[in-house]
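The next block holds one structure in the form of structure tokens; read it before the comments.
Residue indices begin at 1 and follow the sequence shown.
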Amino acid sequence: MATPIIMPRQGQSVESCIISNWAKKVGDKVAIGDTLFTYETDKATFDEEAKVEGTMLVHFFDEGDDVPCLTNVCVIGNEGEDVSSFSPNGAAPAAPAPTPAPAPAPAPAAPVAPVAPAAPAGPKSNANPVIMPRQGQSVESCIISKWNVKVGDQVKVGDNLFTYETDKATFDEESKFDGTVLAIFFSEGDDVPCLTNVCVIGEAGDTYAEFDPNAASAPVAETPAPAAVSAPVVETTQVAAAPVVNNEGRIFISPRAKNCAERAGVNPAFVAGTGPYGRIIEKDVKDFIAAGGNTTYAASAQAQAGMNGTGFAGKISVADINAPVSAPAASAPVAAAPTADAPKADADFEDVKIPNIRKVISKSMHASLSTMAQLTLNASFDATNILAFRKQLKENKDKLGLNNITINDIIIYAVSRTILAHKDLNANFINDGTTMRYFKNAHIGVAVDTPRGLMVPTLMNANLKSLNDISAEAKKLATDAQAGTINPDLLKGGTFTITNLGTMGIESFTPVINPPQTGILGVNTLETRVKNVNGEMKMYQAMTLSLTFDHRALDGAPAARFLQELCKNLENFTMLLIK
């Protein structure tokens, strides 16, 4: 069936996008996940990936065209299909005459529809699958946080189908088709691999069994059935069906599930996957732990499927590995142990699940402090110059067409011009601390406090941007991060980070380095101090900067020289602008 591809809407304020490059030309074969075209807004560039497979039948727009969001851009389908009804301009690039031939094909689909979930395939479906988008090249899976539609609902192009999240941001998936929601393959809270079918939209009576990502794993789920005879031998809460493995013996497990298993000491070989194609997802690991099925750390490598756990909370211990096989009954009383820590109904506390981003921040900060030799230097400077300069800009910003430039923008500008002469701080410490990667430009990470937790979007090539450009881009990054709509690719690639707690009255603190960077600058509050000027005591506004650096990458003297030069540049900021 021919499927139109629309121009996505990248943010609520974006009304149109420009097609900068066509990756697939008319007649090319297209597979799910292939890049169809590249498009850009006034702020960023994106790739549109195919969500259906087939042949590129038509382009409605050329490279350089400014296309309104949610407008049909091209059509993918089978050769010879009629695409005239999808043309946004009313044109009729109709396909050859044989197109009426497939018309009778959908007819048999009607009696099959009531049993579509269990039906094998039959005629090719006219329904359209909706896949889990890939938000950034580093994202492998996303969690469905909320469904905004249910099976049977009527949807139109642009309707919000579901909300999903990565470990950094939250996104809404809009419908690219008109029709009825025929099936939903995942529930809220499920960790779904990118480019996997999430739901299906079509017309009542359309078949959709061919799009079910769980259908391929059905035979795997049934394989334990013949082993029911031996059930008494392995009857315990922690024993589950074996996970799916590939030809090399590698277990299919999502990155989140793998991290969760490693932290809890769970051997994935005991966990049955409920994800697409039998893949183990994070929920499977957590359910397994809740049932008391994890192993102790010492026993995780030697434990085997079918063992009974007699350790705390039903864990498989070294003693269980060395125990005779004839002692399965001993574990029966232990099964109730996991409920011992459950809060009582009248408890004066509340247990709240830690959100994903908090786990990521926790892991990153712990890794930073446990793997680096971090040291913090503090130095203050006379902020009289930058305060007067900012006041002047604020009074004339409308006349000059400037943004509302802040003290933080001025510091970002000064850091981007100063740090290039101190390459050890504009660097990444990589390969387990065996290699220094030096950068030719300054990519400044700007720490942002968001409702979801700390995020550090990157202001790329800050040393090549004007103060006004830095101000505009820094505000846009912060706004997107706080709204949870920022592209995950903008949360990496930094060479140095700036974090500002001065607005909260903090006089000095120890910022924690964002690995694999080698330094981070903390900005503190303004303080009124007194200094001797030509024999007279004068009051002035001082600001303290806190530089944390990785002592493995550089010594205290070069770090101090950077801080000294930065303070001097800020005290003479107008001269820095002239350079």
(request) Check the pair Val446 / Ile498 against side-chain contact (heavy atoms from CB on, under 4.5 Å), numbers first and verdict last. (result) CA-CA 5 Å; Val446 183; Ile498 297 174; 5.6 Å; no
(request) Please name the residue in the list Asn403, Asn404, Asp409 that meets the side chain to side chain donor-acceptor pair (under 3.5 Å) test with Ser471. (result)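 With Ser471 as partner, side chain to side chain donor-acceptor pair (under 3.5 Å) holds for just one option, Asp409.
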(message) Against Asp47, only a single residue in Asn21, Thr35, Thr38 fulfils side chain to side chain donor-acceptor pair (under 3.5 Å); can you say which?
(response)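 Of the listed options, the one satisfying the test is Thr38.
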Regarding [X] and [Y], is there a side-chain donor-to-acceptor distance under 3.5 Å anywhere?
X: Asn378; Y: Thr544; result: no
X: Ser175; Y: Asp159; result: no
X: Thr274; Y: Asp284; result: yes
X: Gln374; Y: Thr510; result: no

(message) Please verify the inter-ring angle class for Phe562 with Phe496; under 30° counts as parallel, over 60° as perpendicular, anything in between as tilted.
(response) perpendicular
(request) For the residue pair Tyr164 and Phe162, categorise the inter-ring angle as parallel (less than 30°), tilted (30 to 60°) or perpendicular (more than 60°). (result) tilted
Would you say [X] and [Y] make side-chain contact, with heavy atoms under 4.5 Å?
X: Lys283; Y: Asp190; answer: yes
X: Tyr438; Y: Asp424; answer: yes
X: Phe211; Y: Asn128; answer: no
X: Ile201; Y: Leu161; answer: yes
X: Leu566; Y: Val415; answer: yes
X: Lys397; Y: Ile405; answer: no
X: Asn461; Y: His443; answer: yes
X: Pro515; Y: Thr371; answer: no

Minimum heavy-atom distance [X]-[Y], with the two atoms named:
X: Val26; Y: Leu57; answer: CG1-O, 3.4 Å
X: Ala127; Y: Val200; answer: CB-CG1, 3.3 Å
X: Asn72; Y: Pro4; answer: OD1-CB, 3.6 Å
X: Pro488; Y: Phe171; answer: CD-CZ, 3.8 Å
X: Ile470; Y: Ser416; answer: CD1-OG, 4.4 Å
X: Met436; Y: Ala427; answer: CE-CB, 3.8 Å

(request) Report the distance from atom CD1 of Ile131 to atom OG1 of Thr196, rounding to the nearest 0.5 Å. (result)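 Here the rounded value is 8.0 Å.
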(message) Nearest 0.5 angstrom please: Thr495 OG1 to Asn514 CG, how far?
(response)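 CG of Asn514 is found 11.0 Å from OG1 of Thr495.
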(request) Please confirm whether His59 and Phe61 have ring centers closer than 6.0 angstrom. (result) no
